[in-house]
Colleague: 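Here it is: the structure, laid out below.
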Amino acid sequence: MSQDRDDDVDTSGARDSDGAAASTGSAVPAGSAVPTGKAGRGDTAVAGRVRTDADTAEDTRGNRANPFQYIGQVVEELRKVIWPTRNQMVTYTIVVFLFLIFMTALVSGVDFGAGKLVELVFDR
């Protein structure tokens with residue numbers, strides 16, 4: 001049976017390997033808290049973290065663009081787009097149509113088979 005990484009964490013949050021790391025001159029101080037990956041537990045540092053400005057919703061009511069600025073921004077963003085070549089578009093279109101044909105045949109086949117099965121079961 002495999003052992004979970006969190007099984008060797010003591011109640012202070014330090015791993016057993018922290019003592020060895022501290023004795024070898026590692027940058028991790030002995031007894032420092034190690035994240036366990038269990039954010040739902042109340043004894044982790046995540047549960048007591050302090051809220052920051054990034055946690056609040058951004059207020060965008062004051063900086064709205066008028067419709068003309070908006071259209072200008074849309075055009076500016078569309079100029080940044082790398083558009084597919086004609087060859088890529090033809091290839092993508094063929095792939096989509098082939099997938100459509102395959103899925104239509106699959107659904108039709110399942111429908112036909114289910115219909116025949118219902119006829120066999122409920123045929124008098």
Colleague: Could I get the full list of side chain to side chain donor-acceptor pair (under 3.5 Å) partners for K80, not counting sequence neighbours?
Modeller: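 Only E77 meet the side chain to side chain donor-acceptor pair (under 3.5 Å) criterion with K80.
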
Colleague: Could you see if V81 belongs to whatever hydrophobic cluster contains Y92? Use Ile, Leu, Val, Met, Phe, Trp, Tyr and a side-chain cutoff under 4.5 Å.
Modeller: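 No, it is not one cluster - the side chains of V81 and Y92 are not joined through contacts under 4.5 Å.
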
Colleague: Would a hydrophobic clustering, with Ile, Leu, Val, Met, Phe, Trp and Tyr connected at side-chain separations under 4.5 Å, put V121 with V118?
Modeller: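 Yes, one cluster joins them.
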
Colleague: Are any of the side-chain heavy atoms of K116 and E119 separated by less than 4.5 Å?
Modeller: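 They are in side-chain contact.
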
Colleague: Tell me whether F112 is reachable from F102 by hopping between hydrophobic residues (I, L, V, M, F, W, Y) whose side-chain heavy atoms are closer than 4.5 Å.
Modeller: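 No, it is not one cluster - the side chains of F102 and F112 are not joined through contacts under 4.5 Å.
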
Colleague: Between atom CG of N66 and atom CD1 of I71, what is the distance when rounded to the nearest 0.5 Å?
Modeller: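 N66 atom CG to I71 atom CD1 measures 9.0 Å (nearest 0.5 Å).
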
Colleague: If Ile, Leu, Val, Met, Phe, Trp and Tyr residues are connected whenever their side-chain heavy atoms lie under 4.5 Å apart, and connections chain through other members, are F97 and M103 in the same group?
Modeller: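 Different clusters: F97 never reaches M103 through Ile, Leu, Val, Met, Phe, Trp or Tyr contacts under 4.5 Å.
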
Colleague: In Å, rounded to the nearest 0.5 Å, how long is the span from CG of L98 to CD1 of I94?
Modeller: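 CD1 of I94 is found 7.5 Å from CG of L98.
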
Colleague: Might you work through the side chain to side chain contact (heavy atoms under 4.5 Å, CB included) test for T104 and F99, ending with a clear yes or no?
Modeller: CA-CA 8 Å; T104 302; F99 182 75; over 6 Å; no

